[in-house]
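Working notes, beginning with the structure itself.
In what follows, chains are A, B, ... by sequence order, proteins preceding strands, each numbered from 1. These numbers come from a predicted model, not from an experiment.
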Protein chains: 4
Amino acid sequence: MPREVRERQMLDAAVEVFARRGYRAASMDEIAELAGASKPLVYLYLNSKEDLFGACVRREADALKASVRAAIEPDASADDRLWHGLRAFFTHTAEHPDGWAVLSCQARTNGEPAAPVADELRQEMVGLVTRLIAATAAEGAGGDGSAALAGHEASGLAHALVGAAESLAGWANTRTGAVPSAKETAATLMNVAWVGLENLRGGRRWTHAARP
Amino acid sequence: MPREVRERQMLDAAVEVFARRGYRAASMDEIAELAGASKPLVYLYLNSKEDLFGACVRREADALKASVRAAIEPDASADDRLWHGLRAFFTHTAEHPDGWAVLSCQARTNGEPAAPVADELRQEMVGLVTRLIAATAAEGAGGDGSAALAGHEASGLAHALVGAAESLAGWANTRTGAVPSAKETAATLMNVAWVGLENLRGGRRWTHAARP
Amino acid sequence: MPREVRERQMLDAAVEVFARRGYRAASMDEIAELAGASKPLVYLYLNSKEDLFGACVRREADALKASVRAAIEPDASADDRLWHGLRAFFTHTAEHPDGWAVLSCQARTNGEPAAPVADELRQEMVGLVTRLIAATAAEGAGGDGSAALAGHEASGLAHALVGAAESLAGWANTRTGAVPSAKETAATLMNVAWVGLENLRGGRRWTHAARP
Amino acid sequence: MPREVRERQMLDAAVEVFARRGYRAASMDEIAELAGASKPLVYLYLNSKEDLFGACVRREADALKASVRAAIEPDASADDRLWHGLRAFFTHTAEHPDGWAVLSCQARTNGEPAAPVADELRQEMVGLVTRLIAATAAEGAGGDGSAALAGHEASGLAHALVGAAESLAGWANTRTGAVPSAKETAATLMNVAWVGLENLRGGRRWTHAARP
DNA sequence: GATGAATGAGGGTTCATTCAT
DNA sequence: CATGAATGAACCCTCATTCAT
């Protein structure tokens, strides 16, 4: 069996086991067995548990980024791009629950080699969403470019949106039951985002004092 | 030294170590040493690592729930209650980063005894927020109770809100740097929530088709 | 069983196994079993294989030094001191063949932590012998202090003597058969040393040219 | 490339690696790589690590013996033969430090297949030196064959000489610094040997009682 | 002959946990 | 209660060795 194939099987198995057990509790024995290979072969191809984990995180992060990017048509309107990006995000995380678990839970809790990759993924997502929100706002502003969104507001909204998306994706994967489906969640988020934009652009804000 | 005090010290130490190292990497030796107690005593009081972890999760979940509940005055307006609840949530998680790390990261990744507790906490939070949103919507609807929010929409919004809150709380604890402060984050979320409500109540929705 | 006793048993076992198998081939399992303790206890007391090896080398080096030093009466004549030192050396190495095997073979072949200890032991022995030879020469010189031994000649002789002693000690331990006994060897060496001194002091040297 | 050449390359590499790392720590991977051959070929030619080690020891022992023998002219005087033999010994060990390290350190500590070869080498050396010493003594005895050396004394001296030579050779290879050069060492040993012979032949002995 | 794929066996190390004092 | 002594079980990792191509 060619190396490439074996290596992919190993990564698949590792992602599954890391997701199920956590980094520390995952044993190389279990990963090797699930991959249908012997332990020394895993070490030959992937060097160490740490490297294997790093490879998993990188692969999953790249795959998620690729899914989201592929869903966004560069020439579409901003809110269309946001919508398709969100849908792709939820679809991908729903289809790769283990990968998402590794990215969202394990990568950030298990130190040096993997954490930066997860951080980078998140920053990229937030940056992407921030740009899309800003673009949406600009488009919507129409003729008078007057009240486009302040930069930090777009960023705050993006953080909230990504946070909500991340958390909901994990929640949907963890819990089986009355949890909104991926599409519904995307719609809700889209509503919040779009609708929030409308109001923010219109200068309408909630303040504590404003309410009796 | 009375048992209650000792036990609290142990839990404090355990939460700190579990947060810093993760469940598996945390060692009973380190916990006992940090607690200033002997290892056999830890076992006498808390039986096993698993039980100790469970006790930590329960205690931290209860404390967070108590903080949020205490911040909500039953007679205040709905959006005031939501505002104070959110602020309390962010304040508490910022003041107990280790506890929050255990609840949000460790509890959900480390199997049977702790995961249900974390799940329950989240459901409670979502339920609380859903009720507050529904109440807000009802209040705002004023005379004509016409377009009050559909139940599943309130629930979806609540999920998004709680997800965003959770993720942002973790993010604020993890990252040092240009991250919105707890108060700013609460304000952003409040804005999104309120503003989302306004539009949803007004029947304004985003739909894919609505855009050319 | 008190820690001190256990620790000595462990060192005894370790010296035996290291001598028999060599550093790398020695297994902590075998050492622990021979010591009558469990492996974790060995690690608790002695940290690691490397540290254990270092402790063995240090202990055996100290014991050998102590034996030789104890045999030398400070007020005796120089050649008497040399004689007793040599006898003590051969007696000790014959009584502790494993210790000597570790010092002479393993310590110098197995890297950083132990090699310096073995080097130091050897330098100390050579220094001691050099001083004794010089003292013997001075004593023997009688009234005219004229032709006392040149320093580098004493040192050369000392190196040769120690080298011979070391190698013969190892040889006597390794091979069973027609090998001179410890006492005979000491006598031979003593003869060579004393007799070499006589000639060197008398200016008699061997040179290649001197012989047709 | 003919088998003979390849095999020599393998042995060269193996000697180097065995000397540097020790028998156990040496890896067949490193040896094969250093030899510029594939691992299966190493196994095809030399069967196993043990056999490879044995072949190394045998080759190095034979080479050393050959060097020493070649340096000895059968018709020269006995002490001339001793002198040239010693010089050849020190020259060879200085020029093949790895080989000497394998012979003197590794071969004797690593069990069955190699130890006898090293033992045999040493016995041969001691026998050779014993014969040379006896011959020297006989020559020097001149007209009156009275006080020729007792056999066990020649043997004792030979053991000491070989021991000193071995140890000093190893010492010179190991330590860099103020260590006597090969030639100086040979001269010192020669002095000791010759000078010892003179006295022994003259009936002068050191005895403990002889000194007050 | 060379290469890549593959593994059984074993070694160093750690840890949760117990028990006598 | 606190302490020290003690361990079974597992985990990460390596290596000599083989076989098909």
* **side-chain N/O Tyr45(D) vs dG1(E) OP1/OP2, d < 4.0 Å** => yes
* Can you name the nearest heavy-atom pair linking Leu103(D) to Arg108(D), along with the distance? -> O-CG, 4.2 Å
* Asked: With a non-hydrogen cut-off below 4.0 angstrom, is Ala26(A) in contact with a base, only sugar-phosphate, or nothing?
  -> sugar-phosphate
* Starting at CG of Asn47(B) and ending at C1' of dT18(E), how long is that distance when rounded to a whole Å? -> 13 Å
* Within this structure, what is the CG-to-P distance between Asp29(C) and dG8(F), rounded to whole angstrom? -> 12 Å
* Structure fact -> Taken to the nearest whole Å, CG/Leu52(D) to P/dA16(F) is 11 Å
* Under 4.0 angstrom, heavy atoms only, what part of the nucleic acid is Ala25(D) near: base, sugar-phosphate, or nothing? -> nothing
* Asked: Less than 4.5 Å apart, any side-chain heavy atom of Phe18(C) and any of Val57(C)?
  -> no
* Asked: Pro40(C) side chain: which of dC13(F), dA9(F), dT13(E) is closest?
  -> dA9(F)
* Asked: Can you tell which of dT13(E), dC13(F), dT17(E) lies closest to the side chain of Ser48(C)?
  -> dT13(E)
* Just need the stems in DNA chain E: three or more back-to-back Watson-Crick or G-U pairs, each with both distances under 3.5 angstrom, sorted by first number. => E:2-21 with F:2-21
* To do: May I have the distance from Glu33(B) (atom CD) to dT3(F) (atom P), rounded to whole angstrom?
  => 12 Å
* Note, Met10(D) side chain near Ile31(D) side chain (heavy atom, < 4.5 Å) -> no
* Selection from dT13(E), dA5(F), dC13(F) that lies nearest to any side-chain heavy atom of Arg3(C) -> dA5(F)
* Asked: Counting just side-chain N and O atoms, does Arg21(C) come under 4.0 Å of either OP1 or OP2 of dG11(E)?
  -> no
* **Where Tyr23(C) and Gln106(C) come nearest, the two heavy atoms and their spacing** => N-OE1, 3.2 Å
* **Nearest atoms (heavy-atom pairs only) where Cys56(A) meets Ala14(A)** => SG-CB, 3.5 Å
* Taking NZ from Lys39(C) and P from dG11(E), how many angstroms apart are they, rounded to a whole number? -> 8 Å
* Heavy-atom pair of closest approach, residues Leu121(C) and Ala61(C) -> CD1-O, 4.0 Å
* To do: State whether Asp98(D) and Arg20(D) are salt-bridged, where the test is any N-O pair (Lys NZ or Arg NE/NH1/NH2 against Asp/Glu carboxylate O) under 4.0 Å.
  => no
* Atom pair distance, as rounded to whole Å: CZ in Arg24(A) and P in dA16(E) -> 9 Å
* To do: Rounded to the nearest angstrom, tell me the gap between atom NZ in Lys49(A) and atom P in dC13(F).
  => 8 Å
* **Ser38(A) side chain, from C-beta outward: closest of dA6(E), dT3(F), dC11(F)** => dA6(E)
* **Selected nucleotide, minimal atom distance to Leu41(D) side chain, candidates dA5(F), dA2(E), dA16(E)** => dA2(E)
* Does some side-chain heavy atom of Arg59(D) sit less than 4.5 Å from a side-chain heavy atom of Arg8(D)? -> yes
* Structure fact -> Comparing Ala37(D) with Tyr23(C), nearest DNA chain E nucleotide closer to 5' gives the residue Ala37(D)
* Structure fact -> Met28(B) atom CE is separated from dT7(F) atom C1', nearest whole Å, by 17 Å
